[in-house]
Participant: 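This structure is in structure tokens; I'll ask about it shortly.
Values below: all heavy atoms of this structure, side chains included; hydrogens, waters and symmetry mates excluded.
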Amino acid sequence: MSASADRLVTMANQIGRFFTPQRGADPASAIADHLEKFWDPRMRAAIMAHLAAGGAGLDGPVREAVGRLKKAKVPEKGLSA
Amino acid sequence: MSLVHEIDYGTPVSKSAETVKLTIDGNEVMVPAGTSIMRAAMDAGIQVPKLCATDSVDAFGSCRLCLVEIAGRPGTPASCTTPVAAGMVVSTQTERLKQVRKGVMELYISDHPLDCLTCAANGDCELQDMAGAVGLRDVRYGYAGKNHLKLEKDESNPYFTFDASKCIVCSRCVRACEEVQGTFALTIQGRGFDSKVSAGMLSDNFLSSECVSCGACVQACPTATLSEKSLIDIGQPEHSVVTTCAYCGVGCSFKAELRGEELVRMVPYKEGKANHGHSCVKGRFAWGYANHKERILNPMIRESIDQPWREVSWEVAIDRVASEFKRLQSKHGRLAIGGITSSRCTNEETYLVQKLVRGGFGNNNVDTCARVCHSPTGYGLKATFGTSAGTQDFDSVDQADVILIVGANPTDAHPVFASRMKKRLRAGAKLIVIDPRRTDIVRMPHIEAQYHLPLRPGTNAAILNALAHVIVTEGLANEAFVRDFCDLDAFEHWASFVSEPQNSPETVGSMAGVSPEAIRGAARLYATGGNGAIYYGLGVTEHSQGTTAVMALANLAMATGNLGRQGVGVNPLRGQNNVQGACDMGSFPHELTGYRHISDDATRTMFEKLWGVPLDNEPGLRIPNMFDAAIDGTFRGIYVQGEDILQSDPNTVHVKKALAAMECVVVQDLFLNETANYAHVFLPGSTFLEKDGTFTNAERRINRVRKVMTPKNGMADWEITLAIAKAMGFEMPYNHPSEIMDEIAALTPTFAGVSYDLLDKEGSVQWPCNEKAPTGTPIMHIGGFARGKGNFMITEYVATDEKVGPRFPLLLTTGRILSQYNVGAQTRRTDNVVWHAEDVLEIHPHDAEERGVRDGDWVKLDSRAGGTALHARITDRVAPGVVYTTFHHPETQANVVTTEFSDWATNCPEYKVTAVQVSPSNGPSDWQKDYAEQAEQSRRIATKIAAE
Ligand code: SF4
Ligand code: SF4
Ligand code: SF4
Ligand code: FES
């Protein structure tokens with residue numbers, strides 16, 4: 001895992017730990033919504049790529065949330081890590 | 001232009017709703033009951049001679065100059081201490097009164113140096129005025145008798161002198177220090193002829209005393225005894241401009257008093273709605289940085305950061321910025337650049353920077369330094385109440401019965417508001433402080449907190465849940481409020497969550513190092529003690545659970561019904577002057593002005609139409625994400641306005657690496673700050689004295705900043721951003737900042753009614769300011785929450801990943817102190833350094849002894865992120881296991897130690913918790929030495945090369 005993927009996993013799991021005990025809607029959709037609203041496309045692309053590569057370290061609901069992310073609109077060149 | 005003269009009514013205003021009618025010198029006057037005769041006379045335009053009274057302090061009745069006659073009453077009572085009564089008939093000028101007053105003045109003058117012509121107060125001296133007012137023509141007593149004329153001056157304070165020979169012992173200064181400032185540094189020593197004003201103990205002078213240099217005594221002094229040194233040096237000002245302090249989030253209004261373009265002094269403005277005429281040492285005195293020799297006044301460029309700077313024209317510098325940014329975008333993509341706005345800049349300037357990034361750069365990579373302080377406030381309060389801001393105005397504290405301070409140190413960081421708070425506490429309000437350190441407010445003259453919960457850093461959410469546990473399980477919740485105004489399902493879910501045993505004071509207390517009884521007592525007091533008001537600071541937000549803790553505070557206020565009226569609320573104390581404004585202005589990468597998400601099509605379309613460009617609907621990078629992306633190589637250029645990210649952001653080594661990886665770093669600032677060591681273009685900025693604009697303080701109050709002098713760098717900051725935009729092909733045509741505000745108002749529902757005309761008329765307004773609230777909204781959520789029903793969030797405690805262990809057994813927490821401001825770039829360049837010349841490490845005696853550290857020793861401070869060295873101060877203010885320092889000095893670089901852990905929702909860094917080790921040291925670390933050398937190299941400026 002690269003240093004930055006490691007950091008993204010930590011951040012995503014932190015988000016997961018907040019939304020998991022919340023009332024109502026399922027945690028994965030709340031987590032996915034948060035990621036879509038606050039993470040820039042390249043960060044979302046990176047965490048999706050990390051999931052595609054096995055998703056080591058991602059907690060259950062977070063893994064589900066990342067799986068549900070719409071493919072981030074990453075324009076033009078130069079945005080791959 | 002002329003001097004703004006403010007009327008001195010002699011005694012404070014009476015808040016009584018009842019009115020009383022009386023006659024003064026034949027005029028009928030109607031005033032609130034409890035008003036003094038002196039004030040009622042002033043209301044009728046009649047100035048009764050006075051010396052010991054001034055309207056900032058309660059009347060004392062010592063000078064006997066303000067005597068009046070009242071029909072049907074014997075004697076000549078003092079008008080300052082005698083309240084009005086219905087039907088009273090008062091004469092302020094009779095033969096008898098004239099004689100008495102002349103006699104009084106004669107005595108004063110006979111012991112006063114008659115050097116009026118060369119006195120600093122000449123033209124602004126109440127003693128002189130009163131001699132004139134009473135018609136004093138000769139003094140029968142000579143100087144032969146005993147007098148005070150040879151007394152020595154105390155010049156120890158860097159900003160004002162105390163010339164005892166001119167003192168009339170009216171005690172206005174003593175009362176100002178007690179009543180306005182709440183410091184109790186001054187006393188009148190001795191009796192009768194021997195009585196004199198003394199700072200601290202007899203052996204003290206002003207500097208060594210408890211004095212915090214707020215200036216209240218200087219302002220209250222009717223003579224030249226207490227005078228600003230700048231006034232003595234320059235002379236009386238001839239005009240003044242009302243403006244707003246550019247330091248902290250209190251947003252004090254000042255009169256900048258000048259001669260020509262030379263600033264003589266800054267005097268707090270009584271009409272200022274945030275400060276009501278009070279100030280602190282920073283706003284009042286620490287403005288000398290504006291003329292400091294290190295201020296950079298010419299644009300500079302260089303090809304690489306190991307080269308010296310070259311001074312160039314504005315055109316060359318701006319062209320360089322635009323061509324580099326364009327090059328980086330064409331090579332690395334549209335998202336490869338971004339910008340950072342500053343909470344030190346005006347609303348208009350921050351609005352322009354985000355407009356430049358979104359409209360000119362074509363992406364949303366814009367963020368603001370609020371990221372690293374109050375971003376969790378925005379998220380947390382929006383989720384619970386529906387608005388990303390504090391709920392009250394400052395005046396609300398006057399009605400509070402229980403004040404709960406969490407993770408804030410108002411006497412140091414928000415001094416003028418702290419003085420208001422202290423006044424309320426002295427009047428009997430109860431105090432609860434939740435803070436790892438025993439901050440000053442926990443125990444000070446006439447104030448003692450009922451509860452201080454000295455929790456372990458990082459356990460806020462747990463402690464707040466424990467308070468909630470007590471409130472719910474002991475049946476102290478305000479069910480009627482919850483039923484009427486909150487989402488009932490959410491409340492029930494939350495109530496059952498906080499009732500769980502892991503949230504009990506017993507469980508939490510042992511983990512957080514706080515006694516369960518204290519938690520229970522504090523919870524009961526907050527819930528049942530009357531109006532409960534929460535004030536919190538960065539000690540809440542700067543944690544991996546910052547947002548969670550903000551929500552936990554909101555939950556507490558909702559559960560106890562402490563919202564929607566005077567005296568209650570949830571109030572973030574904002575660090576820098578315009579944190580609130582920077583957030584409001586759309587500085588966050590995911591939202592436009594007024595906290596509307598960039599993906600919201602209707603909002604975005606409105607901006608697109610007005611700006612004439614398409615906008616990206618995806619959120620951009622936040623500051624820490626920018627650093628990560630820079631190291632990954634996808635982020636190559638940055639425009640940083642008024643912010644020193646290298647010194648202020650956590651994990652300095654990481655930030656350095658990120659800055660060094662970028663190809664074009666543009667810094668706009670007053671000085672070559674630490675970030676500028678890694679910059680390729682330096683654009684000299686202007687000070688708050690040199691521009692027009694607005695700041696929004698912690699109570700959502702929009703205050704005007706008015707241009708006092710021409711920008712020394714040739715361009716105001718907003719004009720620089722316009723020039724960059726133009727060079728990048730994105731025109732932003734404005735002639736004056738008022739036009740920028742008009743655009744903000746047109747695009748932002750909460751600002752719809754705001755204009756410079758309105759601000760000039762009202763003085764200031766608090767948003768929301770629109771059709772529904774044409775003159776603003778002092779208190780939010782009256783009769784219902786902005787989001788509809790108040791929303792209780794589950795705030796489960798999750799311990800930070802930053803844990804102590806054998807290598808790093810202590811917890812470091814950081815903060816600020818009164819005399820310095822943030823990274824210190826301004827205050828370090830003033831005489832404020834006499835109070836704080838360096839950052840020191842506070843350590844408990846037990847931890848110090850274990851390590852063989854003595855007070856004043858050099859110590860090494862190491863974490864897994866890095867290490868630095870500084871002097872130790874041994875104190876039991878911090879608990880065993882906790883150490884504390886400030887981050888005002890680049891020599892220390894406290895942030896080399898802090899880590900990249902951050903808040904889950906907002907990435908606000910966890911400054912307040914770092915596992916560290918402390919060990920004896922001989923002096924600065926190698927890292928500090930290398931850093932200092934690199935900084936020196938980087939600040940070289942080659943002789944000016946003709947660029948034209
Ligand atoms: S400057 Fe402020 S703190 Fe110092 S003596 Fe005067 S009123 Fe008191
Ligand atoms: S220093 Fe000024 S305010 Fe204080 S007692 Fe003397 S004259 Fe009055
Ligand atoms: S620093 Fe804050 S409290 Fe002090 S004068 Fe300025 S705004 Fe007021
Ligand atoms: S002003 Fe009233 S006694 Fe001095």
Participant: Under a 4.0 Å N-O cut-off, is there an ion pair linking Arg334(B) with Asp616(B)?
Facilitator: yes
Participant: Do the side-chain N and O atoms of Thr795(B) and Asn465(B) include a donor-acceptor pair separated by under 3.5 angstrom?
Facilitator: yes
Participant: With a 4.5 Å cut-off on heavy-atom pairs, point out which of Asn625(B), Ile598(B), Asp628(B), Leu621(B) contacts chain A the most.
Facilitator: Leu621(B)
Participant: Given the options Thr547(B), Thr548(B), Asp489(B), Asn365(B), which has more heavy-atom pairs under 4.5 Å with chain A than any of the others?
Facilitator: Asp489(B)
Participant: Please classify the contact of Phe792(B) with chain A as side chain, backbone, both or neither, using a heavy-atom distance under 4.5 Å.
Facilitator: neither
Participant: What heavy-atom pair brings Cys664(B) and Glu324(B) nearest, and what distance separates the two atoms?
Facilitator: SG-CB, 3.6 Å
Participant: Side chain, backbone, both or neither: which part of Thr10(A) has an atom under 4.5 Å from a heavy atom of chain B?
Facilitator: side chain
Participant: Given heavy-atom pairs under 4.5 angstrom as the criterion, report whether the side chain, backbone, both or neither of Phe627(B) touches chain A.
Facilitator: neither
Participant: What heavy-atom pair brings Leu58(A) and Ala12(A) nearest, and what distance separates the two atoms?
Facilitator: CD2-CB, 4.3 Å
Participant: Heavy-atom pairs under 4.5 Å with chain B are the metric here; pick the option from Met11(A), Arg17(A), Gln14(A) that has the most.
Facilitator: Gln14(A)
Participant: For Ser902(B), give me all partners under side chain to side chain contact (heavy atoms under 4.5 Å, CB included), at least two apart in sequence or on another chain.
Facilitator: Asn907(B)
Participant: Check whether Ala629(B) gets within reach of chain A through its side chain, its backbone, both or neither, counting any heavy atom under 4.5 Å.
Facilitator: side chain
Participant: Taking only residues two or more places apart in sequence or in another chain, which ones pass ring pair (Phe, Tyr, Trp, His ring centres under 6.0 Å) with Phe18(A)?
Facilitator: Trp904(B)
Participant: Quick one: closest heavy-atom pair of Val498(B) and His469(B), and the distance?
Facilitator: O-ND1, 2.7 Å
Participant: If I measure from the heavy atoms of chain A, does Met551(B) come under 4.5 Å with its side chain, its backbone, both, or neither?
Facilitator: side chain
Participant: Is Asn791(B) in contact with chain A via its backbone, its side chain, both, or neither, using a 4.5 Å heavy-atom distance?
Facilitator: side chain
